[in-house]
Amino acid sequence: MSRLNRSCLRWSVLTFVSFAAFGWIAPRVDAAGSSKYAHSDSDKRFLHHIDLYDRNNRKISADSTEPYSVEKTCGRCHDFETISHGWHFNAFASEVERQRSNVEASSESQADTDETATNSKSVEQSEKDTEPAKTETVRSDGRPGEPWIWTDARTGTQLPLSYRDWEGRFSPSEIGISTHEMTQKFGARIPGGGVAASWDPNTSELAENSSEPTRWPLTGSLEIDCMACHAKSGAYDFERRRETIEDENFAWAPTAAIRIGEVSGSVSRMKAGVDLEDEKVQAKLPKVQYDDRRFGIDGTVFFDLVRVPENNSCYQCHSQRTVSDSGIDARWNHDQDVHLRAGMKCVDCHRNGIDHQTVRGFEGEQHPAGVAATTLSCRGCHMGVSEFAGEAHSEDHDDALSLTQIAFRAGRLGSPYPQHEGLPPVHFEKLSCTACHSGPIPGEKAIGMMTSLAHGLGEKGHRSGLELPSIQGPVFAKAESNGLVTPHRAMWPAYWGKLVDGKVTPLSPEEVYTNTRRALRVRKDFIEELSEKGREEFDEKVASGLEAIEKTMEVEQAVYVSTGLVFARGDEEGSLVEVEVENRDAVEMVRWPMAHNVRPAGWALGATGCLECHSDDGLVFTSTVTPKGPAPVTAEPINMASIQGLDEATRLEWNQLFGGRKMFKVLTATSLILLLLAIAGSCLPAVRSRTE
């Protein structure tokens, strides 16, 4: 018996060791949502008394002079790598390339793990674990959004840029604009991350091919700043962050914005290529003087944070104002978005998980989180998943849903179910919800619009509403993503470029300014100092600028693009001629959909009846938008029907059916009444005879 016990004990130990070894070697399969990072799992705000660390991972005290690093500080408790996948942190990147890189990295990681797995795991299970993520299905950069519009009032430039493959936008890298220049120009409107948090991928190559060395070693990286969204409203200074980034103090921006210390010094005043090990250079770098009152006895600093971002954080980059002929429209005469008035927050619809892949909320969105995002669109929230023409719950759909699932019913967040009584279903096949419910109330012509990204709303200044870029809306056009008529904002690009083989491409705006400064002699405003003085002055100065570009930038034929036209030097001195180009998309209207502000049902298009749209002067078809730009030319207005590709004659014929619709209903009702009376009259003698 004793021998048997010893034998059993040996086998038990051997089995335990084998399972332990297998568990250590085999790929770890975590439960959903599990992570090596601790989490509170409570709705209450977590109290953040934390130690600060600099970019070299050294603990910061009140006597330190280095800025704190968000990644080294927050990354101690939060999964910074997963968080960095978010849309906002990759504003300077292609969504397709980014998702592809994530899939490849995930596949490589899984492949390395599979090599160490034991043979006890079945081949089928191994193949299942190595299936690519859903992000592999991404085939586009998503619905086009607002471009990064490089604006320079000195050269009359409003150039739409994007790293994503969206129509009408230009790639900064193809033009010669470095990510460092993009970060300095637009860094105040992104929370950091992506290429702004790392040096140029081609830094060494650029350094070899350029006479000017890169400035990244001096400025440091613009890291993801968690506080931009998660700091309690009023605790984060967006304007101080903007000023710090404009001074090229990228690495110091988070410290300045949260106001835990004063930053002195400016990298913008330093020359690139200096030896950072030199004591004199070190002395010129910006320094931080921390507020010792913010440090506790234990050396920690209190950060007043919220788990769910407040609206004030969103407004920094997502505000808008309308501009009429009299200037910027006064706030008191306008109403907020109906959802905000109902007490909702931006993040109620624009949600995200730990990966910070924020839901954009448009129909047909391919969201990495899966089908749960479907009910966060307009139709999904108000009408339920079943209203998507069978798209989300068809039998052959990968994410087939049962209509009995409570999570996908209408009325999410208490939203009312829109009856749309008397509205033919064809409207839902042709129009987006925003076509009737969103954006400024349409008039006979599109009005001017200002946005945070394009006009720096939030910065204190004296705006007239005429500042570049010239953006207009609403423009009722078919959305590229689903073909539904949707309200858009629109602009016409204006830039200096080169014409090669009939195609025009932009030149680097900074290089253009350097090479045209003496020829144009514009101190501040291209429009005020050239365009408003008349066509003669404009032609003479622009021709001189084009000549300077051709000489100094080795361009065979330089051109200036504005208002849908392309200007080149004429045969006579100081004259311009209009030339045609093959790639018209490089000079034509650039547009992107808008969804806010949302108007209530009573203010929706069509609320007063069919004739509001289906008449000869229905604004959704007849309102116009006129190309605008720095050039002193008057362009022909374009009506919405032509933008939508509608035939005007057919539209007018269709409207005639609605013009007499009320009279037709009256005549029909009268005819039915008379018919009923006639029938009753003919039957009356028979009824009398029977009763007698």
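The residues of the chain are indexed from 1 along the displayed sequence.
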Lys NZ or Arg CZ of Arg154 over Tyr513 ring: under 6.0 Å, within 45°: yes
NZ or CZ of Arg143 within 45° of Trp87 ring axis and under 6.0 Å: no
Backbone N/O of Phe80 and side chain of Glu71: donor-acceptor pair under 3.5 Å: no
Exam field: side chain Glu578 to backbone Leu565, donor-acceptor pair closer than 3.5 Å: no
Interatomic spacing from OG in Ser171 to CG in Leu161 - rounded to 0.5 Å: 8.5 Å
Passing candidate, side-chain contact (heavy atoms from CB on, under 4.5 Å) with Ser452, options Arg189, His318, Gln316: Arg189
Ionic contact status for Glu550 with Arg569, cut-off 4.0 Å: yes
Lys185 bridged to Asp152 by N-O distance under 4.0 Å: no
Working for side chain to side chain donor-acceptor pair (under 3.5 Å), residues His596 and Asp337: CA-CA 7 Å; His596 300 284; Asp337 186 289; 2.9 Å; yes
Contacts of Ala586 that satisfy side-chain contact (heavy atoms from CB on, under 4.5 Å) - sequence neighbours left out: Phe170, Tyr495, Val504, Asn583
Audit row: Ile643, Val625, side-chain contact (heavy atoms from CB on, under 4.5 Å) steps and yes/no: CA-CA 10 Å; Ile643 295 176; Val625 58; 3.9 Å; yes
More than 12 heavy atoms from other groups under 6.0 Å of CD on Glu167: no
